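Letters go in sequence order (proteins before strands), and every chain restarts at 1. Just so it is clear, the structure is predicted and the values come from calculations on it, not from any experiment.
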Amino acid sequence: MNSLLSWIALAVLILSCGGLLLARQRQWRVAWLFLLYIPFTLLLSQSWPLSMALLRLITGWIVTTSIAIALQSGRGLQERDHPFGPDTSFFYIQGLVLLVVIGIGATRAFSILITPPAPSLIGSIVLLGSGIFLFGFNTATFPYLSGILVFVNGFELLYASVESSSFLLFLLTALNLLAGLAISHHLASPVAKGDEP
Amino acid sequence: MTAAYLWIFLPILLGIFFFTASRRTMYRWGTLSALGLAILAWLVPLDTPFHFAGLNLKVSSSFDFLGRSLSFDKQAVYILILLYGITAMWFYGVHLLQKTEVLIPWGFLFNGLLLTLLTVRPFLYAAIVLEALGFLLLFLLRPPSPGILRFLAHQTLAFPFLLLAASFGSEPRIMSDAARAPFVIALLGVGLALSAGLFPFHSWMPLLGAELHPYFASFLLWLLPLSTLLFAGNILERFSLYTSLISLFQISGLLMILIGSGEMLVERHWGRALGYAAMIETGYGLLSLSLSQNGHSILLASLFPRSLNFVLWGFSLSILYHRGHGLEQRTLEGLGRRLPFAATSLILAIFSTAGFPLLASFPWRVILWNESSTYSLLWGLLFLISLAGIFGHALRTFNVLFAMESGANDWKQEENLEEKILLSLGVLFLVISGLFPQILMRLL
């Protein structure tokens, strides 16, 4: 893939992660998640064939759409989630900058084992870190679980340079769909009292 | 026909079917199916033709797909028998306890996934199965309990470490390189610590015990640490280079049994105490794997008493929970005089976990104590202190359940006949497996 395009994809990915971290309203988080899968796919196509990467794009969009529908049906799309940790924009911008710096540093450190393209590696570190920020500082279900989803996607980007088999793609696609289904299940409807085991 | 069809795909399909079944169908057919799968595993030889109902049959131990496989070895068959046999016990208890029927479909699904985890080759895909197990747990509870969320977070964090370590570990080019090998071992160490709930990543166990219905909690606290522990044991057994992780297992195991038993001793919520029991059992499992030459065999042989303790503990605690309306110690005071069978079974299950003579875990605790003392006298002493903590919890349970005001004489037996029979059978099994541990060893 064109080198310039992959750096542009990385910039959009960082922007999407920033949006995910800074947004408090759920509808905005869903929108950023939807956008995130475009640069994610472009970076993934550096290691995988484009057809495989496109399949992941479709899976990601299916997952996001199912979450959006679940939020809509549960009337939770307009709700806001505030982290229990730091709640200032400056903290998350600092965190994001730190992740990019770590990502740039990792391009040398990781070369002992794997040599993914630099934008992919930086992108995966940003995704992994953003995921940890989301599930580390939130107890509300939606940001917590979307953080886990983002973390898994970050690892996929890193691991794509190690293995590019169609079987792995199948497993990761199934895992993402399962995650999307589980998150949607939680967000779909309010809990009936005594429903839980 | 392959073993994977019978013991992985069929249970998963059964699990999906039971979601739509009625409560009555669920417990009857669920129990029978689980028992049938255990008996089949016992009787059907793998990779050997046999004659049945006029047909020549052969069950292949390996199921191959896209260059990967699900392979059942002798140890996997032992785990199969144990897993489905014990699951049948859990399922049978469902019809006596309210709001627990959801355990049956989920039990089949989790069993199928656990066996996939243990039999998948190359084993690196097991990390993905563990992650999937974490996501499946989300369907159990709405809103999700912090314990389940923490389990999922730990599995998610472990997932990259395990997958990368397994991927590099299976490449001789990397593992023969002196500079790279320690990096891979460190990756695996962190991954296993997070995944198997090693100290200090064990917090989801007591949380799970406090949040869920005790029957459900005890089932999950039996199955989840068992899955991750067997996964860790498989890795250690298969790759000799990873033996450098043994000291991590030793220290973590010792800390888990000491902290777990200390917490259990002062804990006033009996659901959380159950969570600490799972933590302690994980600690003993880690010590088995790390202290002995035959650690993996000892771990496998101790699975039956461990499972029996959990079934009896979960079932008797659930009966007390329903009648006492809670698991806080104050709500259970004196309940033993109304429910003597449940109270006695609970106390015996705790005593068995503490390695009390003649009960199920006793022989395995003695073996482990012997190994600890051989390793270091201090370790032997600390091992005994951990047992004393559990023993103290058992004595306090006895005191709380049978506390009697002076002059009061209000003994009753509020359990129904079926509950009494099941509890008595559980205690009988505890005693028999404590008296004749060689039966288990022969199975291995």
Run the side-chain donor-acceptor check on residues 151-160 of chain A: report pairs under 3.5 Å with partners two or more places apart or on a different chain.
unit_1, atom_1, unit_2, atom_2, d
A:N153, OD1, A:R56, NH2, 3.0
A:N153, ND2, A:Y37, OH, 2.8
A:N153, ND2, A:L149, O, 3.3
A:E156, OE1, A:R56, NE, 2.6
A:E156, OE1, A:R56, NH2, 3.0
A:E156, OE2, A:R56, NH2, 3.3
A:E156, OE2, A:N176, ND2, 2.7
A:Y159, OH, A:E163, OE1, 3.4
A:Y159, OH, B:S167, OG, 3.3

Name the region of A:S166, side chain, backbone, both or neither, that has any atom closer than 4.5 Å to a heavy atom of chain B.
neither
Against chain B, label A:L181 side chain, backbone, both or neither, depending on which of its atoms sit under 4.5 Å from a heavy atom there.
both
Kindly compute the distance separating CZ (B:R68) from CG (A:L168), expressed to the nearest 0.5 Å.
8.0 Å
Do you know which of B:L138, B:L149, B:T156, B:L157 makes side chain to side chain contact (heavy atoms under 4.5 Å, CB included) with A:I148?
B:T156
Should we count CZ of A:F170 as having more than 12 external heavy atoms under 6.0 Å?
no
Against chain A, label B:F65 side chain, backbone, both or neither, depending on which of its atoms sit under 4.5 Å from a heavy atom there.
side chain
Heavy-atom cut-off 4.5 Å, strictly under: side chain, backbone, both or neither for B:L137 against chain A?
neither
Return the minimal non-hydrogen interatomic distance between B:F135 and A:A182, and the atom names on each side.
O-CB, 3.7 Å
Quick one: does A:F135's side chain get under 4.5 Å of B:L152's, heavy atoms only?
no
